[in-house]
Structures are given as structure tokens and as C-alpha cells.
Number of protein chains: 2
Amino acid sequence: MLAKKTKYGIKALTYLCSRSNNGPIPISVIAEAENISHKFLESILLTLKKGGILTSKKGKNGGYYFLKNPKDIPMAEIIRLLSGPIAMVPCVSLNFYEKCDDCPDEATCGINRLMLEVRDSTLKVLKQKSLYQLTQEINK
Amino acid sequence: MLAKKTKYGIKALTYLCSRSNNGPIPISVIAEAENISHKFLESILLTLKKGGILTSKKGKNGGYYFLKNPKDIPMAEIIRLLSGPIAMVPCVSLNFYEKCDDCPDEATCGINRLMLEVRDSTLKVLKQKSLYQLTQEINK
DNA sequence: TGTAAACCCTACTAAACCGATAGGATATAT
DNA sequence: ATATATCCTATCGGTTTAGTAGGGTTTACA
């Protein structure tokens with residue numbers, strides 16, 4: 001299941017995306033519009049900033065805005081940033097690979113193969129859809 | 001990420017599947033063969049019994065064996081039993097549907113649509129592969 | 001140059017979940 | 001009877017999650 005952190009993050013991003021070109025948008029505005037705890041959202045946006053998706057301006061009239069073009073941000077990137085690996089087992093993760101501690105041999109592991117297939121099909125969906133596309137769908 | 005409960009469950013099932021036709025197999029044998037804590041495995045197998053996949057015989061020479069034919073058990077069914085919903089948000093779950101508490105309208109929710117696609121592609125993989133198939137792959 | 005607005009950072013907490021353990025109740029083959 | 005095995009309930013330490021608290025830093029602007 002998606003953690004609230006991830007859900008909130010996506011909602012904040014689509015909100016930002018739908019009202020871009022108006023300069024930085026403060027946390028408080030996003031929090032109110034999307035019904036998210038201000039402080040919690042603060043930490044989420046910080047993660048997105050460190051991940052290179054957003055950037056911010058401090059002080060009066062400050063706020064958050066895009067560093068990357070939403071058309072160039074696949075949903076897979078957002079979800080990885082906010083919830084970590086997309087794969088269901090570490091041994092098939094592209095970005096967070098780790099050997100399963102309890103598995104003697106990956107090459108003959110049925111779970112490994114199955115989850116590899118699942119990862120591929122999931123990733124296909126999440127890489128092909130950009131944040132911009134998602135936002136467009138909402139507003140039609 | 002897959003919980004250990006699920007991983008252990010699948011491993012136990014593939015083990016059972018690969019040495020079927022020899023009558024009931026006790027927990028202790030499976031636990032040792034697959035390196036799983038005996039007590040933990042106990043609760044897992046109980047779940048699989050309640051879910052209609054396995055059944056058991058008590059007392060001496062007792063143990064667990066299949067109620068359903070492994071060829072008729074899609075991996076999706078096993079994973080649902082052991083870890084619950086396959087969907088990443090409750091509002092797109094087929095078997096565990098729930099309205100998202102923070103979502104005003106599903107019809108216009110971008111996350112809903114995206115996760116619907118993800119669910120479909122994941123399910124396609126998990127429904128088409130049976131426990132029997134998985135076991136075969138391991139042993140070749 | 002003072003001040004309000006806004007981001008930045010660390011620490012904390014309550015609740016839930018996870019993996020594992022403990023101990024006994026129940027059933028059964030011999 | 002007794003040994004063997006499943007069944008059931010309860011508990012526990014550790015981790016994660018969602019949210020809160022409080023203060024530090026930067027900046028626009030009067």
C-alpha cells in the first residue's frame with residue numbers, strides 16, 4: 001500500500017503542476033488546498049527538493065516551484081523518491097538492489113523470477129506516465 | 001516490499017508442491033528445509049489452511065498437504081491471502097475495496113487512475129502464473 | 001534596519017505493524 | 001498411555017508511520 005507520505009507528495013506535485021507559472025507557492029497554500037498537515041507536508045516537499053524535482057525560495061513571497069519540467073518527471077521517479085524501491089523484493093530492485101538474506105541462490109529462486117516480471121510490468125506503467133500527464137487527466 | 005510472512009509462505013508452498021504425493025508433511029520438516037522459524041511458519045500455514053489452499057492432519061504422522069491442486073492456485077491468490085490487497089491504494093482494490101479517506105472524488109483522481117493501471121498489469125502477471133508453474137521453474 | 005513571512009532542521013510521540021517466541025489445548029497413530 | 005503433531009492465544013522488542021513541537025535561517029519590503 002502507498003504510504004500517505006507518497007500520496008500527499010503526489011497530490012502536492014499535481015497541485016503545483018496545475019498552477020505553475022505563478023512563481024513560488026508557499027507550503028501553507030498547498031497544505032490547505034490539498035488538506036494535508038502543514039508540518040508533514042513540509043518534510044515531504046523537502047524530500048522532493050533534495051531529490052531534484054522541486055526547488056524553493058526562502059523568505060517573504062517564497063515557496064516551492066519546479067526545478068524539472070513536469071513533462072520530464074516520470075511517476076516512477078516520484079514514487080521512488082517518496083517510498084523507495086518499486087520492486088517487491090530487494091533482489092529484483094534496479095535502484096535499491098540488495099541480496100535477500102534468506103535466499104541461497106537467486107538464479108534458481110522462483111520468487112525472484114516472478115517478482116522480476118511484476119517489477120517490469122509495473123515499471124512500464126510508471127515510467128511511461130509523466131507528472132504532467134497525470135495532472136492533465138485530473139483536470140479534464 | 002513483500003513481508004517475510006509472504007515470502008516464507010510461498011517457499012513453504014513450493015516445497016510442499018515439489019514433494020507432494022507423500023502424504024502430510026509436518027511443519028518441522030518444512031521449517032528445517034526452508035530455514036524458517038518453526039513457530040512463525042506454524043501461523044503462516046494456519047493462514048493458508050483457513051484460506052482454503054492447504055489442509056492438515058493432526059497427531060502422529062500428521063502435517064500439511066494441499067486441498068487445492070497447485071495447478072489451480074494462481075500466485076495472486078496466495079499473495080492476497082498472506083499480505084492482503086495487491087493494489088497500492090484501497091480505492092482500486094478488487095478484493096479489499098475501500099474508499100480513500102482523503103480523496104474527495106475517485107472519478108477525477110489521478111492517483112486512482114494510475115494505480116488502476118498498475119494493479120491491472122501486476123494482476124495479469126500474478127493471475128497467469130500458478131504455484132505449480134513456479135515450482136517447476138525452480139527445479140529445472 | 002526591523003519584522004513578518006517562509007523555508008530548514010532536529011527531536012519527539014502515539015499508534016500500528018512485523019517477526020518471533022511462549023505455553024498450553026486438542027487430536028491421533030501406535 | 002504416550003509421543004507426536006496441529007491449533008490457539010498472548011506477549012514482546014523493534015521498526016515504521018503519521019503527525020507534532022520548537023526553534024534556526026533566509027529574504028522581501030516598508
Partners passing side-chain contact (heavy atoms from CB on, under 4.5 Å) against B:Lys49 (at least two apart in sequence or in another chain)
B:Thr55, B:Ser56, B:Tyr64
Might you confirm whether atom CD of B:Gln128 has over 12 heavy atoms from other residues, nucleotides or ligands at distances under 6.0 Å?
yes
Atom CZ of B:Phe40 and atom P of D:dG14 are separated, to the nearest Å, by 17 Å
Out of C:dC8, D:dC7, D:dG19, which nucleotide sits closest to the side chain of B:Leu46?
D:dC7
Give a yes/no on whether any side-chain N or O of A:Ser28 is located under 4.0 angstrom from OP1 or OP2 of C:dA5.
no
Toward the 5' end of DNA chain C, which comes first, A:Ser56 or A:Lys60, by nearest nucleotide?
A:Lys60
Residue list, ring-ring contact (aromatic ring centres under 6.0 Å, His included) with B:Phe40, at least two apart or on another chain:
B:Tyr8
Closest nucleotide among C:dC7, C:dA20, C:dA27 to the A:Pro26 side chain:
C:dC7
Roughly, in whole Å, what's the span from NE2 in A:His38 to P in D:dA21?
14 Å
Keeping the roles fixed (side chain from B:Arg80, backbone from B:Asn95), state whether a donor-acceptor pair exists under 3.5 Å.
no
Assess whether one donor atom and one acceptor atom, taken from the side chain of B:Lys39 and the base of C:dG19, lie less than 3.5 Å apart.
no
Would you indicate which nucleotide in D:dA28, D:dC7, C:dG19 comes nearest to any side-chain atom of B:Lys5?
C:dG19
Once you round it to whole Å, what is the distance between C1' of D:dC8 and CD1 of B:Ile27?
12 Å
Side-chain N,O (B:Tyr8) to OP1/OP2 (C:dC18) below 4.0 Å:
no
Residue met sooner reading DNA chain D from 5', once A:Lys57 and B:Gly62 are mapped to nucleotides
B:Gly62
Mind calculating the distance between CD1 (A:Ile44) and P (C:dC8) to the nearest angstrom?
14 Å
B:Leu54 CG - D:dC7 C1' separation (whole Å)
15 Å
Which of the following nucleotides, D:dG19, C:dT30, D:dT6, is nearest to the side chain of B:Asn61?
C:dT30
Is there a donor and acceptor pair, one atom on the side chain of B:Glu42 and one on the base of D:dC7, closer than 3.5 Å?
yes
Is there a side-chain contact between A:Asn35 and B:Asp102 (heavy atoms, below 4.5 Å)?
no
Between atom CG in B:Leu41 and atom C1' in C:dA20, what is the gap in whole Å?
12 Å
What does B:Lys4 touch in the nucleic acid at a heavy-atom separation under 4.0 angstrom: a base, only the sugar-phosphate, or nothing?
sugar-phosphate
Does B:Leu45 reach a base, just sugar-phosphate, or nothing at all? Heavy atoms under 4.0 Å.
nothing
side-chain N/O B:Ser37 vs C:dT21 OP1/OP2, d < 4.0 Å
yes
Would you mind reading off the distance between B:Lys58 atom NZ and C:dT30 atom P, rounded to a whole angstrom?
18 Å
Got a sec: does the NZ of B:Lys127 have more than 12 other heavy atoms crowding it under 6.0 Å?
no
A:Leu2 CG to D:dT16 P: how many Å, rounded?
18 Å
